[in-house]
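Data block below; observations after.
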There are 2 protein chains.
Amino acid sequence: MSGDAQISRLKPGRRTDIRRENERAILEAAEKVFAEAGFGGATMQLIADMAGLPKANLHYYFATKEDLYRRVVQQIFEIWLDAASSFDDAPGPVEGIGAYIDAKMDISRTHPHGSKVWASEVMHGAPVIQDYLETTLRDWTDGRIAVIQRWIDEGKMAPINPRHMLYMLWATTQHYADFGHQIQTLNDGKPLSDKQWREAKASVRDMVLRGIGAI
Amino acid sequence: MSGDAQISRLKPGRRTDIRRENERAILEAAEKVFAEAGFGGATMQLIADMAGLPKANLHYYFATKEDLYRRVVQQIFEIWLDAASSFDDAPGPVEGIGAYIDAKMDISRTHPHGSKVWASEVMHGAPVIQDYLETTLRDWTDGRIAVIQRWIDEGKMAPINPRHMLYMLWATTQHYADFGHQIQTLNDGKPLSDKQWREAKASVRDMVLRGIGAI
DNA sequence: ATTCTTGTTGACCGATTGGTCAGGTTGTGT
DNA sequence: ACACAACCTGACCAATCGGTCAACAAGAAT
């Protein structure tokens with residue numbers, strides 16, 4: 001994951017920059033292609049074309065198609081985990097869950113491709129990130145359920161089932177990324193405007209917070 | 001779509017039965033394979049094996065892979081449209097939306113594969129059912145939004161945005177099918193029991209109905 | 001019994017795929 | 001100037017794919 005910080009650090013180095021830039025371009029292109037075509041439908045040639053590199057060059061940086069795919073999936077998972085920090089250090093559900101919804105809605109807008117790749121991965125049985133689900137995600141989920149249960153016990157929200165609340169939250173926020181095309185079609189074929197996104201965020205936040213009796 | 005009701009109807013006919021049974025077996029296998037591997041990852045050979053037929057026989061009933069895929073997508077869409085009738089003839093949101101949630105949750109349990117195929121299709125830009133989104137789905141959505149708006153005007157629920165309420169409803173109910181694997185992993189690797197499904201349905205219904213101020 | 005339609009299938013084909021590799025170029029340290 | 005490592009890439013390959021086809025088997029109609 002991270003272990004190359006010793007060799008030749010006199011200058012930022014053009015060589016290092018080349019590697020970093022090419023890997024970034026490949027990952028960006030791969031995220032888009034995997035999202036739009038799925039793992040099976042994506043081709044290394046298409047990713048290469050979109051990244052502006054010859055196909056053989058992709059295999060210089062990423063050994064196999066699966067390695068590249070794995071990196072893309074890990075990327076969105078880490079982004080989501082970072083956003084989850086909104087949950088901590090909150091005095092109650094209105095602040096904690098409200099901030100979490102805002103963060104996840106923002107990610108759905110800024111990283112729609114990653115969200116789709118994750119959804120596709122899970123739908124296909126999570127062949128490459130099953131261990132993440134069983135360790136990191138499970139631990140995170142259990143921790144937040146405990147926090148929510150405490151808020152319930154303190155009378156700060158209705159006695160709902162915390163687990164199903166999390167599912168509703170995940171489902172609703174990610175829906176704006178995963179089903180973005182359907183939403184756009186129902187919006188006269190135009191992407192949601194800034195104003196419409198603000199209304200979407202406010203609607204989701206209000207409905208969820210009212211649904212769990214926090215407001 | 002439907003136009004063979006004239007020729008040779010003396011008996012139910014073994015030939016007709018063969019065709020119906022084979023098409024059914026192929027569609028069932030295809031739904032599963034498309035859901036688990038995506039359109040690009042699915043192979044006609046795999047579908048044939050699962051249906052218990054030689055591959056060449058698939059092309060006798062369905063000309064191309066895309067034709068077969070199209071039929072699978074149309075199937076789940078019609079099932080959802082049928083369930084949407086729960087919405088009509090309801091005196092208020094508690095009955096109408098409550099029944100709709102129940103129906104969609106039941107479908108997520110009984111037809112998880114179809115739901116995944118639909119999700120995958122939409123995520124990839126709806127290449128084969130774009131016209132359905134622009135016609136049937138749009139009309140249906142506009143109609144229900146009008147009903148919901150009427151309920152709001154009659155003071156039967158809070159003045160939420162009907163469109164975003166529908167999105168939350170679709171997202172949450174279909175999440176139990178599309179992300180069933182993730183839910184199962186977080187349930188100690190075991191599928192939801194009958195009791196857990198009842199609790200899921202009740203949780204979703206309660207949170208949504210409370211979220212829109214109907215209870 | 002003969003004819004015709006429907007259903008069945010192994011063998012095959014062109015196209016595309018992920019991945020390899022040899023031989024090249026470019027930048028870096030000495 | 002030299003050597004070395006990192007980077008680049010056209011050409012190539014075995015495997016797999018969707019789809020075709022000719023030959024055949026089985027019911028139905030006459």
Side-chain angles (χ1 to χ4, degrees), chain A residues 3-27 29-30 33-34 36-73 124 127-128, chain B residues 3-27 29-30 33-34 36-73 124 127-128:
Chain A
D4 50 8
Q6 193 69 14
I7 310 165
S8 70
R9 259 304 158 82
L10 301 178
K11 294 179 184 177
R14 284 250 287 283
R15 300 302 273 265
T16 314
D17 287 350
I18 288 177
R19 172 168 283 269
R20 183 160 30 226
E21 167 56 23
N22 281 343
E23 286 184 352
R24 189 205 57 78
I26 293 171
L27 281 172
V33 173
F34 281 134
E36 289 174 352
F39 178 81
T43 69
M44 295 297 274
Q45 187 64 60
L46 204 62
I47 297 172
D49 291 347
M50 191 159 296
L53 293 169
K55 193 188 73 170
N57 211 343
L58 261 66
H59 285 99
Y60 175 74
Y61 289 103
F62 300 91
T64 67
K65 184 184 178 184
E66 215 176 290
D67 284 339
L68 180 54
Y69 173 75
R70 192 189 314 267
R71 284 281 300 271
V72 171
V73 176
H124 297 0
V128 316
Chain B
D4 50 8
Q6 194 69 15
I7 310 167
S8 68
R9 259 305 159 80
L10 301 178
K11 295 179 184 177
R14 283 251 286 284
R15 300 300 274 265
T16 313
D17 287 349
I18 288 176
R19 171 168 284 269
R20 182 160 31 225
E21 166 56 20
N22 280 344
E23 286 184 350
R24 190 206 56 78
I26 293 171
L27 281 171
V33 173
F34 280 134
E36 290 175 351
F39 179 81
T43 69
M44 295 297 274
Q45 186 64 61
L46 205 62
I47 297 173
D49 292 346
M50 192 159 294
L53 292 170
K55 195 188 73 170
N57 211 341
L58 260 66
H59 286 99
Y60 175 73
Y61 289 104
F62 300 91
T64 68
K65 184 184 178 184
E66 215 176 292
D67 284 339
L68 180 53
Y69 174 76
R70 192 189 314 269
R71 284 282 300 270
V72 170
V73 175
H124 298 357
V128 315

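Below, chains carry the letters A, B, ... as their sequence lines are ordered, and counting in each starts from 1.
Proximity of B:Asn57 to the phosphate of C:dG10: no side-chain N or O atom is located under 4.0 Å from OP1 or OP2. A sub-4.0 Å separation between OP1 or OP2 of D:dC7 and a side-chain N or O of A:Arg19 is present. Residue B:Tyr60 places none of its side-chain N or O atoms closer than 4.0 Å to OP1 or OP2 of C:dT8.
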- B/S/- along nucleotides 17-23 of chain D (protein heavy atoms under 4.0 Å) is SBBBB--

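One interatomic measurement links the two molecules: CD of B:Glu21 to C1' of C:dT6, which rounds to 17 Å at whole-angstrom precision. Remark: P of C:dT6 and CZ of B:Arg20 are 16 Å apart, rounded to the nearest angstrom. The distance between atom CD1 of A:Ile47 and atom P of C:dG19, rounded to the nearest whole Å, is 10 Å. We find that CG of A:Asn22 is positioned 12 Å from C1' of D:dA6, with the value rounded to whole Å. The CG-C1' distance, from A:Leu53 to D:dT9, rounds to 11 Å in whole Å. Here the P atom of nucleotide D:dC8 and the CD atom of A:Glu23 are 11 Å apart, to the nearest Å. Atoms CG (A:Leu46) and P (C:dT16) sit 13 Å apart, rounded to a whole Å.
Legend: residues meeting side-chain contact (heavy atoms from CB on, under 4.5 Å) with B:Arg24, ordered by chain and number and at least two apart, are B:Glu21, B:Glu28. By the salt bridge (charged side-chain N to carboxylate O under 4.0 Å, His left out) test, B:Arg71 is found to be paired with no residue, residues two or more places apart in sequence or in another chain being considered. Partners of A:Tyr61 by side chain to side chain donor-acceptor pair (under 3.5 Å), not counting sequence neighbours, listed by chain and number: A:Asn22.
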- Task: Mind running side-chain contact (heavy atoms from CB on, under 4.5 Å) on B:Leu68 and B:Phe34 for me, showing each step along the way?
- Result: CA-CA 10 Å; B:Leu68 180 53; B:Phe34 280 134; 4.2 Å; yes

- Task: Begin with the C-alpha distance, continue with both residues' side-chain angles, and end with the deciding distance and a verdict on side-chain contact (heavy atoms from CB on, under 4.5 Å) for A:Leu27 and A:Phe62.
- Result: CA-CA 10 Å; A:Leu27 281 172; A:Phe62 300 91; 4.0 Å; yes

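Among the protein residues, A:Tyr61 comes within range of the sugar-phosphate backbone only, with heavy atoms under 4.0 Å from sugar or phosphate atoms but none that close to a base.
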Return a table of donor-acceptor pairs under 3.5 angstrom between the side chains of residues 39-59 of chain B and protein atoms on other chains or two or more places apart.
{"from": "B:Thr43", "atom 1": "OG1", "to": "B:Leu46", "atom 2": "N", "distance (Å)": "3.1"}
{"from": "B:Gln45", "atom 1": "NE2", "to": "B:Asp49", "atom 2": "OD1", "distance (Å)": "3.1"}

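Screening residues 56-70 of chain B for salt bridge (charged side-chain N to carboxylate O under 4.0 Å, His left out), with sequence neighbours left out, gives B:Glu66-B:Arg70.
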